[in-house]
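Below: the structure, in structure tokens.
Basis for what follows: all heavy atoms, side chains included, without hydrogens, waters or symmetry-related copies. Proteins come first, then strands; the chains are lettered A, B, ... in the order of their sequence lines, and each starts at number 1. Everything numeric in this text was worked out from a predicted model, so none of it was measured.
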Amino acid sequence: MKIHEYQARQLFRKYEIPVPEDVLCYTVSEVEKAARDLNRMVVVKAQVLVGGRGKAGGVKLARNVDEAVSAAKQILGMDIKGFKVEKVLVADAVDITKEYYVGLINDRNTKTVTLMVSSEGGVEIEEVAKTNPEKIIKFHINPLTGLLDYQARDIALQLFSDIKVAQKAASIFKKLYKLYVETDATIAEINPLVLTPDNEVLAIDGKMNFDDNALFRQPEILAMREPDEDELVEIDAHNKGLSYIRLDGNIGCMVNGAGLAMATMDMIKLYGGEPANFLDIGGSSSPQKVIDAMNILLNDKHVKAVMINIFGGITRCDDVAKGLIKAMEVISTDIPIVVRLSGTNAAEGLELLKQTNLPTVSSMSEAAQKAIELSRL
Amino acid sequence: MKIHEYQARQLFRKYEIPVPEDVLCYTVSEVEKAARDLNRMVVVKAQVLVGGRGKAGGVKLARNVDEAVSAAKQILGMDIKGFKVEKVLVADAVDITKEYYVGLINDRNTKTVTLMVSSEGGVEIEEVAKTNPEKIIKFHINPLTGLLDYQARDIALQLFSDIKVAQKAASIFKKLYKLYVETDATIAEINPLVLTPDNEVLAIDGKMNFDDNALFRQPEILAMREPDEDELVEIDAHNKGLSYIRLDGNIGCMVNGAGLAMATMDMIKLYGGEPANFLDIGGSSSPQKVIDAMNILLNDKHVKAVMINIFGGITRCDDVAKGLIKAMEVISTDIPIVVRLSGTNAAEGLELLKQTNLPTVSSMSEAAQKAIELSRL
Amino acid sequence: MSILVNKNTKLVIQGITGRDGKFHTGKMKEYGTNIVAGVSPGKEGLILDGVPVFNSVAAAVKATGANTSIIFVPAPFAADAILEASEAGIELVVAISEGLPIQDMIRITPILKMNGTLLIGPNCPGLITPDEALVGILPANIFKKGNIGFISRSGTLTYEVVNLLTLNDFGQTTCVGIGGDPVAGLYFIDLLQRFEDDPETIAVVVIGEIGGDAEEQAAQFIADKMTKPVVAFIAGQTAPPGKRMGHAGAIISSGSGTAAEKIAAFNKAGVPVAKEPNEIPELLRQKLKK
Amino acid sequence: MSILVNKNTKLVIQGITGRDGKFHTGKMKEYGTNIVAGVSPGKEGLILDGVPVFNSVAAAVKATGANTSIIFVPAPFAADAILEASEAGIELVVAISEGLPIQDMIRITPILKMNGTLLIGPNCPGLITPDEALVGILPANIFKKGNIGFISRSGTLTYEVVNLLTLNDFGQTTCVGIGGDPVAGLYFIDLLQRFEDDPETIAVVVIGEIGGDAEEQAAQFIADKMTKPVVAFIAGQTAPPGKRMGHAGAIISSGSGTAAEKIAAFNKAGVPVAKEPNEIPELLRQKLKK
């Protein structure tokens, strides 16, 4: 789950990470008031759940109220990588001596939370990793001890030679780690972390993502969720026990199992088609899940054909067939559907499907080829 | 540092450990109002920082407001082991099916926080340890993992056969452990923890002590401190860098080092005297500390003679002598004082002391014998 | 021979009284797995399907000598169940439970390491040594005893491919579903080493997917350490970046973890990568002919 | 011979730029201790009293091969300093700092154990092997090389007794002040074992005090495992229960941890307990005559 910068800043403040003053605004007049109240140079920043807003013109410096108003007029309503800007953050533009990067991620290989810091702040860390990998300091945090004082200090001393400044940065590293662990984050970035002319260390921009699997114990984080249209469909599917992602193609697919679902998408592509979605109906599929899944697929106006690919393990093919039959009763559609059932109770399932006029095939590749063919009719 | 039961109950509530309703009262009329508001059977409990108040008559059950008033009249102002009762807790007297004991302590041998539970609740755990040691279940908590769910549950299942009740108890064990660690406690007892007829598990009485060395990071706990007269003197001494405990005898003693101070007290006793105090002036003693220490000793009206026992290591004997000389200038007293200086710069110290008329001796035992002799003049 | 589970496996089922636990206990027993105990707190003394139930794994281990556990408890309690098994001295823990928070996995990892516990999963279908022991939820009928080692990050895709292998007369020594979570127990390389050491295994099939770099590490390991042939397949070539494809671990972030990178790594290591599952038996045949 | 510290000790001073650290660095150096480094974050590059200063223990160990550290940092930061030393590979850490929270000690204990780090203290005067190394704040002039091992929970009482020993011509192999905190590093039994194993030590003096049961354990250990004579003294016979006698660990709780119990335990183990410090040399003499 992603949150906006303004929400990350709220969390930073809660954990006593110093952040410059800011005001969230939905309208130009709110921006005008905010700029007037802050009464100094400000930055107007688009709040969208996508990276690269700076390059897209979604972040502007304003030396006075007029400039803030003009920036707000340009940014509000702007489209950034398909996301419409509905709100901006008006933030105190502090004086900056130097920019740094601080980030925490879950590292799969060491199975730790890993702290990454760099003296190359203000740019994307992936960029630094490509061009100046030696400028990134990585530290794998032992979960049993957490980030210890001396460790945070040692790392900070590699960025800041003044011990007082280093202690301030070390304290921020520790607070960010605490925030990260306590909120089940999967990314927490301060980029840039800045040093000011009067030797303060501040978080200027923040990015946080959270572990979907942990949201059950993070009510405060969950309350910050602001899903877009596609995500609403995905969340709705999730609540029905389905894992669904909308894609750009026109062949809808319904599969049991995430790996098989990906392989099915790949197969469609391999034979010259384009998958319209990823859809995993999960392990122990009830007929209802099949109905829900078919509803999602057939309501997607881009879908020209549907490929159903089931390998019965725990999932029984006859259950899937029953669900399909019921779905066909309640949904009227002229979108062609091709079904492949294999594994547990496949014979029974195929027998049941005879009462429908759904074409059946015996292998994944046949199913993909048939679905593509049907989509082109 | 000790706190009252009512304060422990406040902390329990903060950590969501279920505790019956209660009201703290300083007067009989407050008790009357509290009993009326609670409007059911209550217990009136003396709030004193000493154990055994039940046996001393400091806890009374009251079936109605009149009984509560009469209990309050008896308990308020009562003396329990030298502590005057200045306030009582009026608490909801819940129905009890069975009483249990839950306690956490720091175990020196395993160097862990140790959970102790027993089906023998409502009596002192030391008593159970003597009479029914097999009734106490001990569990040493790994500080790296904390008390894990399955561990708490296993222990609870040894007290409660019903899994739902056991889960409630397990949850209390975990919360108590969290409270214990987060507040730097040295004892946290729920005694009794009770099972009610409707299968609720509640904390009826609580006791908590805290690590004096950790109070610097526990402002909330420190704010709960309610020292008595003796403790005020001890705290005042502590703030002056002295470690002081008032005792019952009449030979005041001033020593550098806790072990040597105890050995000095023992020596006084060995030769037939009674020490009036424990007083350690610490390692790097400045003359001011000696003056402060002498002030405390000579202001204690029980003191009939003073024994000064210094073995100079880091402490220099001439510094102590200088402090003594200064102290004698500002304090006028006719209490006899005997001085033993040994170790670093002892010769210089003894030379300095010649300008006073303080008798000096060369060994601890001589000093003790001399002090006792002087106390009897 | 085989790896990890066999006739000597003494299995304890954690969460035996739950819906899934009960169902799969029956299936595993039917297959002949030596199930010695179940755990369900508060239900000690119960006998379920002939299996004695205990309050704790420690009690089960003490009474039955269980050395392997399988976990069906819901995700919020699964990490605790894994630790319970580990601290009770269980050597191999198979966590079927789906949806564990990543921080739970990170937190328990060093403790498992200290205790020397092996973990498969979480969010995995488990493993099977055909004709010896099924410790998981895999559909037993598609497996066949033989000489191929099999490791996969996914569930049904495993069944799809194993079915193809069996139909093509490639029986299996052991098949392991390692699960689709970003932080999991044993990874490809841990199992490749075991298959390399297993005298009966003559070749290994690896089914990877997008996300992370476990496949790249496997490729490096194969190039450096393995003498036995390996054939691979990677799911998710068409997956877009930033979207989680069902599995918490199947996500391409900032252009790393792509199928293309993984395929390139395998090719560099001399491991043929099938374009579609169908091709796997043929690739195996070619590799084994040489 | 000796235990724990000797001519091979390479000492790093944590908190070398503080008042106490600076003062005692001078004293230890004067005594001939091999001080190789100091640590004071942000002061790397400084040379203090001829000792190079580093930002971290790890840096100091890397540059100088330090194997022992002594800690003078204030109590709130001392546990972190101990962990820093331990994780940097220091074998013996001597924590002089006074006033560490008990939970800090509990928290670091399993990590020190995992790393194999030995800890003396906190809240202790340190240790000395006369004529070889002083790692602590003990007044060097009262010690003398010889054959008596010495272990004490207190500071000045140590000096008092050691002075008596030296005056009576009982020199020492190593004298260790283990500190007065309830949860500390090495306890009596850990050191008794080392003195038992040290060929040069012919007898051991143990100075205990009220609180805990380290003395009872020591008595049991002496009865079970020791061949060398031991003489003891216990401070705090007149201390009242429930009152902390200076040291955080010197407290009698609920009637346990009393001097009487400890004296009884030593007597039962055949260890004579001096009534006053003065008696110790004579008790030693008698024990060694046998």
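Counting heavy-atom pairs under 4.5 Å between each of E276(C), E209(C), Q237(C) and chain A puts E276(C) at the top. Between chain C and the residues E274(A), M262(A), R108(A), the most heavy-atom pairs under 4.5 angstrom are made by R108(A). The choice from G180(C), A140(C), G249(C), G242(C) that makes the most heavy-atom pairs within less than 4.5 Å of chain A is G249(C). Heavy-atom pairs under 4.5 Å with chain A peak, among D104(C), I210(C), L164(C), L138(C), at D104(C). Among the candidates P139(C), A235(C), S154(C), G236(C), the residue making the largest number of heavy-atom pairs closer than 4.5 Å to chain A is G236(C). Interface check for chain C: of the options S363(A), A258(A), S243(A), the most heavy-atom pairs under 4.5 Å are formed by A258(A). When each of I142(C), L100(C), N278(C) is checked for heavy-atom pairs under 4.5 Å with chain A, L100(C) comes out on top. Taking I137(C), N141(C), D181(C), T158(C) one by one and counting their heavy-atom pairs under 4.5 Å with chain A, the maximum is reached by I137(C). Across D212(A), L270(A), L247(A), T264(A), the residue that shares the most heavy-atom pairs under 4.5 angstrom with chain C is L270(A).
The 12-atom threshold is exceeded at CG of D236(A), counting heavy atoms of other residues, nucleotides or ligands nearer than 6.0 Å. Shown here is K27(C), whose NZ atom has no more than 12 heavy atoms of other residues, nucleotides or ligands within 6.0 Å. Within a 6.0 Å radius of CD in E348(A), more than 12 heavy atoms belonging to other residues, nucleotides or ligands are found.
At distances below 3.5 Å, not a single donor-acceptor pair connects side-chain atoms of T109(C) with backbone N or O atoms of K111(A). Judged purely by atom type and a 3.5 angstrom limit, E279(C) uses its side chain to pair as donor or acceptor with the backbone of K275(C). A donor-acceptor distance shorter than 3.5 angstrom exists from the side chain of T156(C) to the backbone of N256(A), with no hydrogens or angles considered. A distance-only check finds no donor-acceptor pair linking the side chain of T112(A) to the backbone of N142(A) [under 3.5 Å]. Of the possible polar contacts, none joining the E189(A) side chain to the I187(A) backbone as a donor-acceptor pair under 3.5 Å is found. Listed for the N191(A) side chain is a donor-acceptor partner under 3.5 Å among the backbone atoms of V123(A).
Ion pairing of K243(C) with E234(A) is present here, as a side-chain N (NZ or NE/NH1/NH2) and a carboxylate O approach within less than 4.0 Å.
At least one cation-pi condition fails for K22(C) and F72(C): the charged atom is not both under 6.0 angstrom from the six-membered ring centre and inside a 45 degree cone around its axis.
Both the backbone and the side chain of M265(A) have a heavy atom closer than 4.5 Å to some heavy atom of chain C. Of the atoms belonging to S365(A), heavy atoms from both backbone and side chain fall under 4.5 Å from chain C. In this structure, chain A has heavy atoms under 4.5 Å from both the backbone and the side chain of E160(C). Residue A261(A): no heavy atom, backbone or side chain, is found under 4.5 Å from chain C. Contacts between Q217(C) and chain A at a heavy-atom distance below 4.5 Å involve the side chain alone, from C-beta outward. Of the two parts of V113(A), the backbone and the side chain both hold a non-hydrogen atom closer than 4.5 Å to a non-hydrogen atom of chain C. Proximity to chain A is absent for every atom of I108(C), based on heavy atoms less than 4.5 angstrom apart. Contact annotation for I102(C): both backbone and side-chain heavy atoms come within less than 4.5 Å of a heavy atom of chain A. For chain C, the nearby part of T186(A) is the side chain; its heavy atoms alone come within less than 4.5 Å. F210(A) does not touch chain C: none of its heavy atoms, backbone or side chain, sits under 4.5 Å away. With a 4.5 Å cut-off on non-hydrogen atoms, R153(C) touches chain A through its side chain but not through its backbone. For P76(C), the parts lying under 4.5 angstrom from a heavy atom of chain A are both the backbone and the side chain. If you measure heavy-atom distances from D211(A) to chain C, the contacts under 4.5 Å come from the side chain alone.
Under the 4.5 Å side-chain criterion, counting only non-hydrogen atoms from C-beta, V161(C) is in contact with F150(C).
Looking at every heavy atom in both residues, I251(A) comes nearest to M307(A) through CG2-CB, 4.4 Å.
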